[in-house]
Amino acid sequence: MARLKLPLRLPNMNNWPIRYKLIAHFLLISILPSIGLGFLIGLSVERVVERNVNDNTLQLIDKVNKSLDFYVSNMQNISYLISANPEFRQFLGSSARIPESGQVPISELDRYNMGKLLQSISSLYPEVAGILVAKSNGDYFSNDMYARTDRPLTEEFWYAEAVANRGIFKNIGHPEGRNVASHANYQKDEVVSMVRAILDPNTQGVLGVVLIDLKLRVIAETVKDVRLGKSGYLMIVDKYGEKIYSPSHPLIDQLPRQWFSDDGGSGGMFLKKVGGEELQFIYRKSPFTDWTTVGVFPAKETVAEIREIRLYVIVFVFIACVLGIAASHYLSYSISRPILKLTDLMRKAESGDLAIRSADRRTDEIGMLGRGLNHMLVQIHKLLTLTEQQEKQKREAELKSLQAHIKPHFLYNTLDTIHWLSRKRGADDVAEMVASLSKLFRIALSRGNEMIPLADEIEHIRSYLKIQQTRYREKLHYEIDMPGELAHLPVLKIILQPIIENAIYHGIKERRGPGHIYVQVRENEGHLEIRIEDDGRGMTADQLAELSKGLGASYARLEKQDEARAPVGYGIMNVQDRIVLSFGAPYGLSIVSEPGNGTVVTVTHPIIRVFGKEAGHEAAVESAHHG
């Protein structure tokens, strides 16, 4: 069955937040080197400590060996001194013997001199426990030692060892089972014995043997001040592994002697477990004495020192890691925080808040980005303001264009009426009509203001109706109803005259008999509502639908800056466009009409409460948008 291998997906660091990226990078360059450095330091220190411990132990062993060599060398010199002494030569060369005492028949003076020599040696070398000179016939001389029995000393093993070595100084170790004792009663483990045969220079025959006992106390004093760690010690064994000197220790007797025999070479070190404890052995053999000095100490003491150093290294690495993590967090936070602030500012700018600014005064790259963002927002705000001003100017130009279209159209009709009346009638009517026309022009101009009080607008259409009534006489009747409290409200100027004109020319004029126009001003649901009602011919459904469609399309047409106008209702469309341009789509004209029942046009205009006589169009429009 084939195993299904799942694809290994590693995390994509490119998608991580910049703060986490920085922390990861800082940790990689701080903690990993610290851990690696700590590991290498621990390993190096461990090897250095082990090497130093071993070197120091070997140096101590060498010093002890030199001391032992010095003492043994003194014993060797003593043996040479005795063998060269004339009294002892005479003693060794004589063959007579006094049976009762076992002493050689030498003079008292010679005996005195030999005793004095041995006494001098004992005084000069306090490490000497005793000296005995044994003759080949069994006689001997000593001032500290004596034979236990009458058995000849030539039968002793030490004598045989000396004879076998043919005059070479010999270290034979502890005096076990020998027939010699000392007046100080040294035990076998308190001294070591050394022998040397004295040869006849002519015949090379053995004249006798010099036996010297060396006190182990001097060896103990040499070794006792040596300390190997906390519980380590030194011991001395001979070439057979037998102990020459060892301190009192519970594990001494458990050490096999073959570990330190000649097979081990001149020196070395090994690790053995004894009595459940792991011991480190370092030894070196002296070629002069054939003794091996062994340093013994528990391996755990070295391990303890290494563990202590490891603990220091671990603590150092831990502190380095903690400082590295803290530094990584601080650095990543100090770098990512201004970037996050800039990101937040850019997000607010995207949502339309162009008033935000970066307050960071840093001089690094982040500060440069912040200042760049501020400059960009300032430029965007300037461009938007410029665009708004251009759009506003464009709409004002559109309004002025509309007014320019209205004025010539009305002026043409008025002049036509004056022409007609002048031709048909007398000068009185002309005077009244001219007066009304003058009032019309005055209100239409209104010192250039785009908005005028509602009372002026009503007076404007009243003058117009008077002019038209002069023309149509009894055919035209009108009535205006305006509450006095609404007279001061500002309205766009000349928004009623085109509607009145349209009612006269398309309603009243086409009607048989007199017609009526009723103008009513009311406040309705917070809006100013001006209702112009006539009882003229009215409009068919198609005409009303076409006109209503044109009014409804007025706002969309203005939004598209479409210069085309509806072919019907030119004046009404202009009024609708002006109101929509000034106040928005909710305001404007609405028309209700039926054929034969007249037409009702309702003008919905916002109520502008704040309006000063000297205030301009901008103030009025601003108040309208907020009011």
Side-chain angles (χ1 to χ4, degrees), residues 388-389 391-411 438-465 480-502 519-532 551 554-555 558 570-590 601-627:
E388 290 178 356
Q389 291 177 350
E391 186 68 21
K392 189 175 181 180
Q393 291 173 354
K394 194 173 182 179
R395 292 193 177 188
E396 290 177 351
E398 179 70 16
L399 285 172
K400 292 179 179 178
S401 177
L402 289 174
Q403 293 175 0
H405 281 80
I406 292 171
K407 292 173 183 175
H409 184 68
F410 167 70
L411 183 59
S438 176
K439 189 178 294 182
L440 278 176
F441 276 113
R442 179 180 60 79
I443 296 174
L445 292 175
S446 299
R447 299 180 179 178
N449 294 330
E450 297 298 331
M451 304 193 73
I452 58 176
L454 178 59
D456 290 347
E457 181 66 15
I458 294 300
E459 184 63 25
H460 182 266
I461 62 171
R462 193 187 304 277
S463 299
Y464 177 77
L465 286 170
I480 298 175
D481 179 13
M482 180 188 70
E485 65 271 16
L486 301 179
H488 68 283
L489 295 178
V491 296
L492 287 175
K493 68 181 180 181
I494 314 178
I495 58 175
L496 300 179
Q497 181 270 329
I499 301 172
I500 298 295
E501 180 181 357
N502 194 67
V519 178
Q520 184 183 34
V521 181
R522 292 289 185 272
E523 181 179 352
N524 184 18
E525 297 181 353
H527 306 303
L528 186 63
E529 187 175 281
I530 305 173
R531 178 184 175 93
I532 301 98
L551 294 175
S554 174
Y555 183 76
L558 291 174
Y570 179 82
I572 292 179
M573 291 301 171
N574 285 338
V575 173
Q576 173 74 351
D577 289 349
R578 291 176 59 203
I579 296 175
V580 172
L581 280 173
S582 299
F583 308 114
Y587 304 100
L589 307 181
S590 61
V601 178
T602 303
V603 178
T604 304
H605 191 284
I607 295 177
I608 301 172
R609 299 294 183 185
V610 180
F611 182 81
K613 187 176 181 180
E614 299 299 330
H617 170 70
E618 292 185 3
V621 173
E622 183 72 18
S623 300
H625 284 300
H626 294 81

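If you read the sequence from its start, that first residue is 1, and numbering goes on from there.
Here I495 contributes atom CD1 and I461 contributes atom CD1; the two are 9.5 Å apart, rounded to the nearest 0.5 Å. Note: Q497 CD to L465 CG = 9.5 Å, rounded to the nearest 0.5 Å. The structure places NE2 of H460 at 11.0 Å from CD1 of I500, a figure rounded to the nearest 0.5 Å.
Less than 6.0 angstrom separates the ring centroid of Y587 from the ring centroid of H527.
V491 is not listed as a side-chain neighbour of D456, based on a closest heavy-atom distance of 4.5 Å or more. Contact annotation: the side chain of F583 approaches that of L492 to within less than 4.5 Å [non-hydrogen atoms, C-beta and beyond]. A heavy-atom distance below 4.5 Å is not found between the side chains of V601 and S590.
Of the possible donor and acceptor atoms, none in the side chain of E457 sits under 3.5 Å from a partner among the backbone N and O of I452. Of the possible polar contacts, none joining the H605 side chain to the G588 backbone as a donor-acceptor pair under 3.5 Å is found.
With sequence neighbours left out, the salt bridge (Lys or Arg N to Asp or Glu O under 4.0 Å) criterion links E523 to R609. With sequence neighbours left out, V521 forms a side-chain contact (heavy atoms from CB on, under 4.5 Å) with L454, I458, M482, P483, L486, L528, I530. Under the side chain to side chain donor-acceptor pair (under 3.5 Å) criterion, Q520 pairs with no residue at all, not counting sequence neighbours.
Of all non-hydrogen atoms in K493 and R578, the two that sit nearest each other are O-NH2, 2.6 Å. Residues P490 and I608 come closest through the heavy atom pair CD-O, 3.2 Å. Nearest heavy-atom pair across P498 and V575 is CG-CG2, 3.6 Å.
Of the residues L589, I499, N502, the one that meets the side-chain contact (heavy atoms from CB on, under 4.5 Å) test with I532 is I499.
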- Apply side chain to side chain contact (heavy atoms under 4.5 Å, CB included) to T602 and E529, showing your working. CA-CA 7 Å; T602 303; E529 187 175 281; 3.4 Å; yes

